[in-house]
Chemist: 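What follows is a structure written as structure tokens; I'll ask about it next.
In each ligand, atom 1 is the first atom listed, and ligand 1 is the first ligand listed.
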Amino acid sequence: MIIKSVIRKYEESDKEAIQEICYLTGYMGESAKNFWRHKQSFVEIWMSYYIDQEPNNIIVATMDDKVVGYLTGCLSTSTGPEMEKIMYAKIVKYGLFFRLGTADFLFRAMKDDWKHKQSAKGGFIDERWPAHLHINLLPSARGTGLAAILIDNWLTRLKKFNSSGCHLSTISQNTQAIKFFKKMGFRKHGEPLVISGMRGWNGENLQQQIMVLDINSTK
Ligand SMILES: CC(C)(COP(=O)(O)OP(=O)(O)OC[C@H]1O[C@@H](n2cnc3c(N)ncnc32)[C@H](O)[C@@H]1OP(=O)(O)O)[C@@H](O)C(=O)NCCC(=O)NCCS
């Protein structure tokens, strides 16, 4: 059976599909439901900025006309999404400290913040790598080469805008993602930092790993 795969610009009609993918893959490739049982606030925290402010920097991947993955990007993180502000706004909007599916996470995060002097915070701002990206594919689209084409498209766009580099934030324990990003030319930058509130499958703390890529190192 031949599957028609396409990489294209985001269209408004893709909104629901990419939000769904964001939630379905938001926990190291598995559903974000594993730690955050309020879908609407989750997708608003992670997607609204890109959909509302930088829709031109979203690229989607389709298989047989169905959206199966996306890359959301930002050209300049210093003027991009203020994650902590966005998070607080959604906590207030949805009363997340009072909901069963999110309160446990938020209280655990407060405890972690208190316990770990250094934990992962908001955006990573460094003018050597001003741009950033997030990439998420449904399981059916992984191992197909589509992820690499999404990254190539994004790097081409960064070259067009004379960007010096790009960074991303991933989870140290997300080994498939780290391996993939290394293959795409990213390298680890800085030490991993605890992500407050987050836990792995066995209850262990999870760490954030920043990875960077210099545009002039790419072909
Ligand atoms: C991270 C992610 C984008 C990587 O994409 P991917 O398609 O899984 O990554 P790869 O291209 O490395 O493919 C995985 C395997 O399929 C193989 N593969 C890649 N392209 C292929 C193709 N065209 N045909 C057959 N196999 C292929 C690769 O060789 C790789 O195997 P390996 O690990 O033994 O080298 C994807 O796994 C994903 O969306 N994960 C969930 C969300 C996530 O974690 N995002 C990152 C958070 S920062």
Side-chain angles (χ1 to χ4, degrees), residues 1-8 10 14 17-36 39 42-43 45-47 49-50 54 57-64 66-74 77 80-81 83 87 120-124 129 131-158 165-195 197-201 206-213 218:
M1 199 176 59
I2 297 171
I3 295 175
K4 189 181 79 173
S5 302
V6 173
I7 300 289
R8 61 164 171 78
Y10 166 78
D14 299 322
I18 63 169
Q19 287 183 333
E20 191 67 25
I21 296 171
C22 171
Y23 196 63
L24 281 175
T25 63
Y27 180 71
M28 296 182 285
E30 308 241 2
S31 174
K33 203 176 176 180
N34 286 300
F35 72 98
W36 192 269
K39 183 175 162 187
F42 187 85
V43 299
I45 289 166
W46 292 104
M47 300 299 274
Y49 171 82
Y50 304 95
E54 300 205 37
N57 291 325
I58 304 179
I59 312 166
V60 300
T62 68
M63 284 165 74
D64 284 344
K66 179 180 176 274
V67 179
V68 290
Y70 66 81
L71 181 152
T72 49
C74 171
T77 307
M83 289 316 295
M87 181 89 182
K121 293 266 175 286
F124 166 81
W129 309 287
H132 73 252
L133 68 86
H134 301 278
I135 181 168
N136 290 64
L137 267 66
L138 288 176
S140 59
R142 296 178 199 159
T144 61
L146 280 173
I149 306 177
L150 280 171
I151 298 275
D152 281 345
N153 268 258
W154 176 240
L155 297 182
T156 302
R157 187 161 173 78
L158 292 185
C166 184
H167 71 269
L168 60 88
S169 154
T170 188
I171 296 179
S172 302
Q173 290 80 357
N174 191 351
T175 46
Q176 182 170 8
I178 302 249
K179 187 173 170 194
F180 167 74
F181 291 129
K182 278 188 178 161
K183 210 162 55 180
M184 296 310 301
F186 284 83
R187 65 180 187 276
K188 291 184 181 178
H189 176 79
E191 292 305 311
L193 289 176
V194 163
I195 308 170
M198 286 296 271
R199 294 291 183 273
W201 294 112
L206 294 181
Q207 274 93 27
Q208 177 198 56
Q209 177 66 57
I210 298 291
M211 299 187 79
V212 299
L213 174 141
T218 62

Chemist: Report yes if Ile135 has an N/O atom closer than 3.5 Å to an N/O atom of ligand 1; otherwise report no.
Modeler: yes
Chemist: Distance under 4.0 Å to a non-hydrogen atom of Gln176: what atoms of ligand 1 satisfy this?
Modeler: 8 (O), 14 (C), 37 (O)
Chemist: So if I count the atoms of ligand 1 from 1 in the order they appear, which ones are less than 4.0 Å from some heavy atom of Leu137?
Modeler: 38 (C), 39 (O)
Chemist: Between Asn136 and ligand 1, does any nitrogen or oxygen pair lie at a separation below 3.5 Å?
Modeler: no
Chemist: List the closest protein heavy-atom neighbour of atom 20 (N) of ligand 1: residue, atom name, distance to the nearest 0.1 Å.
Modeler: Gly145 N, 3.2 Å
Chemist: In Å, rounded to the nearest 0.5 Å, how long is the span from CD1 of Ile135 to CD1 of Ile151?
Modeler: 4.0 Å
Chemist: Please check: side-chain N/O of Arg157 versus main-chain N/O of Gly73, any donor-acceptor pairing under 3.5 Å?
Modeler: no
Chemist: Tell me, do Phe180 and Arg142 make a side-chain contact under 4.5 Å, heavy atoms counted?
Modeler: no
Chemist: What are the two closest heavy atoms between Thr25 and Leu137, and how far apart are they?
Modeler: CG2-O, 3.5 Å
Chemist: Looking only at distances, please establish whether an N/O atom of ligand 1 is found under 3.5 Å from an N/O atom of Leu168.
Modeler: no
Chemist: What protein heavy atom is closest to atom 5 (O) of ligand 1, reported as residue, atom name and distance in Å?
Modeler: Ala147 CB, 3.3 Å
Chemist: For Thr144, is at least one N or O under 3.5 Å away from an N or O on ligand 1?
Modeler: yes
Chemist: Considering only non-hydrogen protein atoms, determine which one is nearest to atom 10 (P) of ligand 1 and report residue, atom name and distance to 0.1 Å.
Modeler: Lys183 NZ, 3.6 Å
Chemist: Give the residue and atom name of whichever protein heavy atom lies nearest to atom 17 (C) of ligand 1, and the separation in Å to one decimal.
Modeler: Gly143 CA, 3.9 Å
Chemist: Using a 4.5 Å cut-off on heavy atoms from C-beta on, say whether the side chain of Arg199 contacts that of Phe35.
Modeler: no
Chemist: Identify the protein heavy atom lying closest to atom 40 (N) of ligand 1, giving its residue, its atom name and the separation to 0.1 Å.
Modeler: Arg142 NE, 3.6 Å
Chemist: Which protein non-hydrogen atom lies closest to atom 44 (O) of ligand 1, naming both residue and atom, and how far is it?
Modeler: Asn174 ND2, 2.8 Å
Chemist: Using 0.5 Å steps for rounding, measure from the NZ atom of Lys188 to the OG atom of Ser172.
Modeler: 6.5 Å
Chemist: Quick one: salt bridge (Lys or Arg N to Asp or Glu O under 4.0 Å) partners of Lys4, sequence neighbours excluded?
Modeler: Asp65
Chemist: Between CG of Leu138 and OG1 of Thr144, what distance do you get to the nearest 0.5 Å?
Modeler: 11.0 Å
Chemist: Does CH2 in Trp154 sit with more than 12 non-hydrogen atoms of other residues, nucleotides or ligands closer than 6.0 Å?
Modeler: yes
Chemist: At a non-hydrogen distance cut-off of under 4.0 Å, which region of Ser169 contacts ligand 1 (side chain, backbone, both, or neither)?
Modeler: backbone
Chemist: Please confirm whether Met28 comes within less than 3.5 Å of ligand 1 when only nitrogen or oxygen atoms on both sides are compared.
Modeler: no
Chemist: Name the closest protein heavy atom to atom 4 (C) of ligand 1, giving the residue it belongs to and the distance to 0.1 Å.
Modeler: Phe180 CG, 3.5 Å
Chemist: For ligand 1, which is the ligand I care about here, please tell me if Thr170 has any N or O atom under 3.5 Å from one of the ligand's N or O atoms.
Modeler: no
Chemist: Do me a favour and list the nearest non-hydrogen protein atom to atom 32 (P) of ligand 1 with residue, atom name and distance?
Modeler: Lys179 NZ, 3.5 Å
Chemist: Considering the options Arg187, Lys182, Met184, which one meets the side-chain contact (heavy atoms from CB on, under 4.5 Å) requirement together with Met211?
Modeler: Lys182
Chemist: Looking at atom 34 (O) of ligand 1, tell me if a protein heavy atom falls under 4.0 Å from it.
Modeler: yes
Chemist: List the atom of Gln208, the atom of Ser169, and the distance in Å for their closest heavy-atom pair.
Modeler: NE2-OG, 3.0 Å
